[in-house]
Number of protein chains: 2
Amino acid sequence: MGKERVTVIDIAHAAGVSKSTVSLVLQASPLVNEATRAKVNAVIRELGYVYNRGAANLRQSNAKSKIIGIVVNDLTNSFFAELAVGVDMVVQSAGYVQFLSNSGESVDRQREVIASMREHGISGLILSPARGTDAADLKPLVASGIPVVNVVRQVAGAKVSSLVSDNFAGMRDAVRHLAGLGHHRIAFLGGFPDTAVFNERMQGYRDALADMDLAVHDELVVSSAPSRAGGVAAIERALMLRERPTAAVCFNDAVAFGVCDGLRAHRLDPGEDFAVIGFDDVIEAQTAVPALTTVSVDPQGMGRRAAQLLLKQINAGKADAEAIVGSVRLVVRQSCGSATDKRERLSLL
Amino acid sequence: MGKERVTVIDIAHAAGVSKSTVSLVLQASPLVNEATRAKVNAVIRELGYVYNRGAANLRQSNAKSKIIGIVVNDLTNSFFAELAVGVDMVVQSAGYVQFLSNSGESVDRQREVIASMREHGISGLILSPARGTDAADLKPLVASGIPVVNVVRQVAGAKVSSLVSDNFAGMRDAVRHLAGLGHHRIAFLGGFPDTAVFNERMQGYRDALADMDLAVHDELVVSSAPSRAGGVAAIERALMLRERPTAAVCFNDAVAFGVCDGLRAHRLDPGEDFAVIGFDDVIEAQTAVPALTTVSVDPQGMGRRAAQLLLKQINAGKADAEAIVGSVRLVVRQSCGSATDKRERLSLL
DNA sequence: TTAGATAATTGGAACGTTCCAATTTTGTCA
DNA sequence: TGACAAAATTGGAACGTTCCAATTATCTAA
């Protein structure tokens, strides 16, 4: 099959023009005559030419490579998959192409993939940092003038833009809602305590309890892996307490689903016998039974915003870091058995 | 900040050697003296040099670019996310880097991303084709000698390797299992009938029913989107039948979870009042309550195998298409209320 | 010593593109 | 028709690397 690569020179030859003209056509320059353009394009199609972006990049090293990198810390978590999809949407429509990698929560792997991306000449990076990422890891990137946008998690001391959700307010609203429904013993389930996100949400939890004149009971805080399995384990522990909680806010939706599973294993009906609130609003939160009350973060929207922010910085040339805190909204569904909810359900009948 | 790019020549200059020597060092050639290598490496680190893979590729156009592309049809489906993670594992350890894109089930988008990948000089492609992909879409790729491995779905007439799971046997085993437990009315829920995967599974369903001397009732086949929401809708319809089914095999795990949700909404207990079997064995299948009985496909393993197959073809140079059908295994858990299962549960107490 | 082998190093051409300055073609108007 | 402007085209240099053939430095053994 086609062993030899077809180059711009072959095209020029076949079309009876110079390589410069072909180049102009490729860039859709207005300088070239309409008839010539048509002929060149015809030859291009005929010979099956494929543009060599590597060579082009080489020449215009100052310009941008039209690749943006994105690395997430856990692709198997649908939150991040959706985030990536959101990024892809805007990146694509801006004529860029996405280079997606998964660090799997390993800083070493993260370092590797970022290095590899640099070698390929990305013009910007969207990073959901692995746990334990140090500002020094990002230093060389920003030093070489490549815009970076951190999402979901901050990296302390890194001079890059960031887009995180309002963890504090989200959790505060969730707890207030439960307290408003009359719950006194509200557990905080799931998540690793050594992360900034955990601490922000925890702060919101404590703050809301204080607000509502409820005591903070340390045994009601049960940390675990931020996964479905972690949620099962956490509720398991919480139900072994002498004084059981009657409601829980969860570190994220995955934990919340696990909690629902665990409740059922104990013959408790989530939403009826026990109120559960999640965090993230992943896509299944709406269709699960009971539909999950959760703090909506809109991962796709977050991805879109991050991409827009990055593109803005790429186009501006200068990259002055801005820290954006995305607002967040409690979506009340069935899993917390609210009055509002029952009314809604009735009205649907 | 570092405006000027550091090149191999700068390194050569600073280290007092020629650019050729620096190049040799970069390639870890045994030809270069140990002392020189050390010095050059020191300078490289000191000046913050980053390798320009584009330029390298340009020179050694015959050789491989160390990029492999992977495009999936729905990244938000965790099956594909895990597949991608599996691919990443082996691709990474072979020194390649992964270029992941999402076609979102659109052939146009798929065409775009594949074109873009070609321009970037991928040395191989793993493709989970969007619905409606035509053999002609892959033609130019294979014509230019780039190995392609199709996963999950075949593309009729395309002369590329493929790796699909044994849909027929998997579904057949699932139905046999249910029939063996005494179920007579077994529904087939979810999936779009215009796909090859659907038809293979359907064939397994019919075959097993015939095997077990059970009648095929067309109303027990309810298609829907292959998603959680689709599963809810499908069981909803199935429960409206005069003669209800007592068990269901589902197109995939997402549908199965939706079916469980739908059953609960009708106050039916999945695993007790109604048997449910999924397909795929996504990660949540184990931790869900009830744990899902399902046909295990091991998406990560499939990704790994696909990547190995692709690398083999890349290294071999020649790409003779081979079609691999991955074997598949019924994993019995709680959701089908089997006798085995109850025994297991007891033994755990 | 020195011839011969081996180990290290090196300059220049090449990869496929874009940019620049220069040239040729076409168009306009007196 | 000539003079000038505008439009279209063009050759060559450059981007950062690798490869090749050629050169120089170092070692070995008689």
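So that the names make sense, note that chain A is the first sequence line, chain B the second, and so on, each numbered from 1. Keep in mind that this is a model prediction, so the values were computed, not measured.
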Does OP1 or OP2 of [N] have a side-chain N or O of [X] closer than 4.0 Å?
X       : N      : answer
A:Thr21 : D:dT10 : yes
B:Gln60 : D:dC19 : yes
A:Thr7  : C:dG16 : no

Which word best sums up how the rings of B:Phe99 and A:Phe99 line up, parallel for under 30°, tilted for 30 to 60°, or perpendicular for over 60°?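 Parallel.
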Value in whole Å for how far the [atom2] atom of [N] lies from [atom1] of [X]:
X        : N      : atom1 : atom2 : value
A:Asn57  : C:dC19 : CG    : C1'   : 15 Å
A:His13  : D:dT9  : NE2   : P     : 18 Å
B:Lys66  : D:dT17 : NZ    : P     : 18 Å
B:Glu119 : C:dT17 : CD    : P     : 10 Å
B:Arg5   : D:dC15 : CZ    : P     : 12 Å
A:Lys19  : C:dC19 : NZ    : P     : 13 Å
A:Leu58  : C:dC19 : CG    : P     : 12 Å
A:Tyr49  : C:dG16 : OH    : C1'   : 7 Å

B:Ile283 atom CD1, over 12 foreign heavy atoms within 6.0 Å: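 Counting neighbours around CD1 of B:Ile283, 12 or fewer heavy atoms of other residues, nucleotides or ligands fall under 6.0 Å, so no.
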Does B:Ser20 contact C:dG11 through a side-chain donor or acceptor facing the base, at a distance under 3.5 Å?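 Checked by distance alone, the answer is yes.
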Polar side-chain contact B:Arg59-D:dT18 base: donor and acceptor under 3.5 Å: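 Side chain to base: pair present.
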Contact between B:Ile126 and B:Val71 at the side-chain level, heavy atoms closer than 4.5 Å - yes or no?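 A side-chain contact under 4.5 Å is absent here.
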Between B:Ala55 and B:Val17, just flag the one whose closest nucleotide in DNA chain C comes earlier from the 5' side.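 Taking each residue's closest nucleotide, the earlier one in sequence belongs to B:Val17.
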Strictly below 4.0 Å, heavy-atom distances to any atom of DNA chain C: list the hits from residues 22-37 of chain B, or just say none.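 Within residues 22-37 of chain B, the residues near DNA chain C are B:Leu24, B:Leu31, B:Val32, B:Asn33, B:Thr36.
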Any chance you could measure [X], atom [atom1], to [Y], atom [atom2], to the nearest 0.5 Å?
X        : Y        : atom1 : atom2 : value
B:Thr133 : B:Glu105 : OG1   : CD    : 8.0 Å
B:Ile11  : B:Lys39  : CD1   : NZ    : 13.0 Å
A:Ser78  : A:Leu83  : OG    : CG    : 11.5 Å
A:Asn150 : A:Ser162 : CG    : OG    : 6.5 Å

Of the nucleotides C:dT17, D:dG11, D:dT17, which one has an atom closest to the side chain of A:Ala56?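 Of the candidates, C:dT17 comes closest.
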